[in-house]
2 protein chains.
Amino acid sequence: MPLNRERVLDEALRLVDEEGLDRLSLRILAARLNVQAPTLYWHVKNKSELLDALADAVMDEAIAAVPPPAGVGDGREWLFEALRALRAALLQHRDGARIISGARDSLRRGDFSETAMATLVQRGMDARDARLLVLVGERFTVGWVLEEQSPPPEGPAPSVEQLRARFPVATRAIGDYFTGTGRTADDLFDDAARLALGLPGAGRS
Amino acid sequence: MPLNRERVLDEALRLVDEEGLDRLSLRILAARLNVQAPTLYWHVKNKSELLDALADAVMDEAIAAVPPPAGVGDGREWLFEALRALRAALLQHRDGARIISGARDSLRRGDFSETAMATLVQRGMDARDARLLVLVGERFTVGWVLEEQSPPPEGPAPSVEQLRARFPVATRAIGDYFTGTGRTADDLFDDAARLALGLPGAGRS
DNA sequence: CGTAGTTCTCTAACACCGTAAGAGGGAGAT
DNA sequence: ATCTCCCTCTTACGGTGTTAGAGAACTACG
């Protein structure tokens, strides 16, 4: 079975999932494919193009996960669901947000925006508002997941008391949000995303 | 004049500003300081710690640029100004957003959030709402500037017609926003940020 | 059948990277 | 005069992306 571009990309994504984006090197990837590193250059222009292709793959999954528009509203609720799907797709892969935010040349990013904006406009929203809303939602979500996926600091984690001393308001707010209540990180994103989109809800407890 | 940590960090930031984050290597940095690469290890633990220090430096500038709270509202308007200051500080340095989003261990990020949340709470906002709002604003802004600062694709830029064919809604909305009107990228950020924070305005034209 | 061409993988090498180990110079204190 | 601390040096290791070019295997053509 000969090597082809698809197998290279699949294995690259698997490698990133297992070891993280920083460990993706052409030599390691080649070894996993039982091949020498320069061989990859036959199937891929260079590493940067490989990274772009990975970003495309991740975005494809995100786009595929977006639910079809339904319901009645002006589409804000649908956009909210689309952002949930985007976040889920990014979380599906280790460093997913870094992959797509680092891509130099990925038209799939634009596809996501375009279909989102088109859907909103089709449902009656002003084009200018739609663009603004999609831009806000998309960049907010990427920034959010980027933070969620950022690895913890290298040294020993700072103690809870130290954090409480330096960030009293934040730690108390975090504590109030999670402890006792059965809320999860997913709920926090939902609340934040609804807020960013100007949607009601974010159900007070 | 002996080398010290401060001079190393200053020169590193200058190097990043001139050449971009990808070109920051210990050898190049050392050469600019008329020193050999391993010498830097006397002043800095390793490259990762250096990057964290750069992130701290950038965030310090952002924090310093935040205006003192004033006025009357519940603080949302002030937070909006704080986000503008954050964006401006990130734009001040090449790859500013990447620098702070890549930092593994920077407490200054937390300082920004903490003072923002404390300010909002002090002005009467519910702690939970304040946290959510600050989180939304901060991550939105970082995601936004990350996109603003991402370099153009390597090859020749795709033609306007190609873009219009693939992204009709988006290109039309962009055109409507900028052409003719005297609006700038700064205005677009302002509109988007106000939307994300639930502030009125984003003056319809 | 032979030969030419295409497709894929190989080896060898280059320049660069972060980083470790340890030698040594120079200044100040004992 | 020696000891000690601070700072810089040389040397080296294993890793990186990438290029150049040789060569094997297969296909198509005369």
Side-chain angles (χ1 to χ4, degrees), chain A residues 1-56 94-95 98-99 102-106 150-151 153-155, chain B residues 1-56 94-95 98-99 102-106 150-151 153-155:
Chain A
M1 176 167 69
L3 192 55
N4 57 18
R5 183 183 167 93
E6 188 190 350
R7 281 224 303 143
V8 171
L9 297 182
D10 281 1
E11 193 63 39
L13 199 49
R14 196 149 39 221
L15 171 56
V16 170
D17 282 346
E18 291 173 14
E19 311 261 10
L21 187 57
D22 295 325
R23 297 287 297 271
L24 170 59
S25 88
L26 297 185
R27 281 177 167 82
I28 295 177
L29 175 57
R32 290 173 64 123
L33 293 163
N34 297 315
V35 132
Q36 301 300 318
T39 296
L40 298 178
Y41 279 77
W42 183 260
H43 306 280
V44 149
K45 183 158 158 279
N46 51 34
K47 186 174 184 181
S48 162
E49 194 227 29
L50 190 160
L51 291 175
D52 285 347
L54 292 188
D56 278 350
R94 173 113 87 122
D95 294 323
R98 264 178 71 200
I99 290 173
R104 298 192 161 282
D105 188 7
S106 166
S150 82
E154 300 191 339
Chain B
M1 176 167 71
L3 191 55
N4 57 18
R5 182 182 167 94
E6 188 189 351
R7 281 225 300 146
V8 171
L9 297 182
D10 281 1
E11 194 62 40
L13 200 49
R14 193 146 44 218
L15 171 56
V16 170
D17 282 346
E18 292 173 14
E19 310 261 10
L21 187 56
D22 295 327
R23 297 287 297 270
L24 169 60
S25 87
L26 297 185
R27 281 176 166 83
I28 295 176
L29 176 57
R32 290 173 66 122
L33 293 162
N34 297 315
V35 131
Q36 301 302 316
T39 297
L40 298 178
Y41 278 76
W42 183 260
H43 306 279
V44 149
K45 184 159 157 280
N46 49 36
K47 186 174 182 179
S48 162
E49 196 228 27
L50 190 159
L51 291 175
D52 285 347
L54 291 188
D56 278 350
R94 171 114 86 122
D95 294 325
R98 262 178 74 199
I99 290 173
R104 298 192 161 285
D105 188 6
S106 166
S150 84
E154 301 190 337

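So that the names make sense, note that chain A is the first sequence line, chain B the second, and so on, each numbered from 1.
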Does CZ belonging to A/Arg23 count more than 12 external heavy atoms closer than 6.0 Å?
-> no
Which of C/dC17, D/dC9, D/dT16 is nearest the side chain of B/Val35? It is D/dC9
Measure from the side-chain heavy atoms of B/Pro38 and tell me the nearest of D/dT18, D/dT10, D/dG17.
-> D/dT10
Quick one: is A/Thr39 getting a side-chain N or O under 4.0 Å of the C/dC8 phosphate, OP1 or OP2?
-> no
Step through the shown structure and confirm whether more than 12 heavy atoms of other residues, nucleotides or ligands are within 6.0 Å of CD on A/Glu6.
-> no
Using atom CG of A/Leu26 as one end and atom P of C/dT11 as the other, report the distance to the nearest whole Å.
-> 17 Å
So do A/Arg98 and A/Asp22 actually touch side chain to side chain, heavy atoms under 4.5 Å?
-> yes
d(CG, A/Leu40; P, C/dC8) in whole Å = 14 Å
Begin from the C-alpha positions of A/Leu26 and A/Tyr41 and carry the test side chain to side chain contact (heavy atoms under 4.5 Å, CB included) through to its verdict.
-> CA-CA 9 Å; A/Leu26 297 185; A/Tyr41 279 77; 3.4 Å; yes
B/Glu154 CD to D/dG17 P, straight-line distance once rounded to whole Å | 15 Å
Length of the CG-P vector between A/Leu15 and D/dT16, whole Å = 11 Å
On DNA chain C, check which nucleotide each of B/Lys45 and A/Gln36 is closest to and give me the residue with the more 5' one.
-> A/Gln36
Write down the distance between CZ (B/Arg7) and C1' (D/dT8), rounded to a whole number of angstrom.
-> 13 Å
To the nearest angstrom, how far is A/Asn34 atom CG from C/dC10 atom P?
-> 9 Å
Would A/Ser106 and A/Asp56 count as having a side-chain donor-acceptor pair, cut-off 3.5 Å?
-> yes
Give a yes/no on whether any side-chain N or O of A/Trp42 is located under 4.0 angstrom from OP1 or OP2 of C/dT9.
-> no
Have a look at A/Leu29 and say if it touches a base, only the backbone sugar-phosphate, or nothing, with a 4.0 Å heavy-atom cut-off.
-> nothing
Quick one: label A/Ile28 by what it contacts on the DNA or RNA (base, sugar-phosphate, nothing), any heavy atom closer than 4.0 Å.
-> sugar-phosphate
Heavy-atom donor-acceptor pair, A/Arg27 side-chain to D/dG15 base, under 3.5 Å | no
Atom-to-atom span, CG of A/Leu3 to C1' of C/dC10 - whole angstrom | 13 Å
Contact under 4.0 Å: B/His43 side-chain N or O vs D/dT8 OP1/OP2 | yes
Would you mind reading off the distance between A/Tyr41 atom OH and C/dA13 atom C1', rounded to a whole angstrom?
-> 14 Å
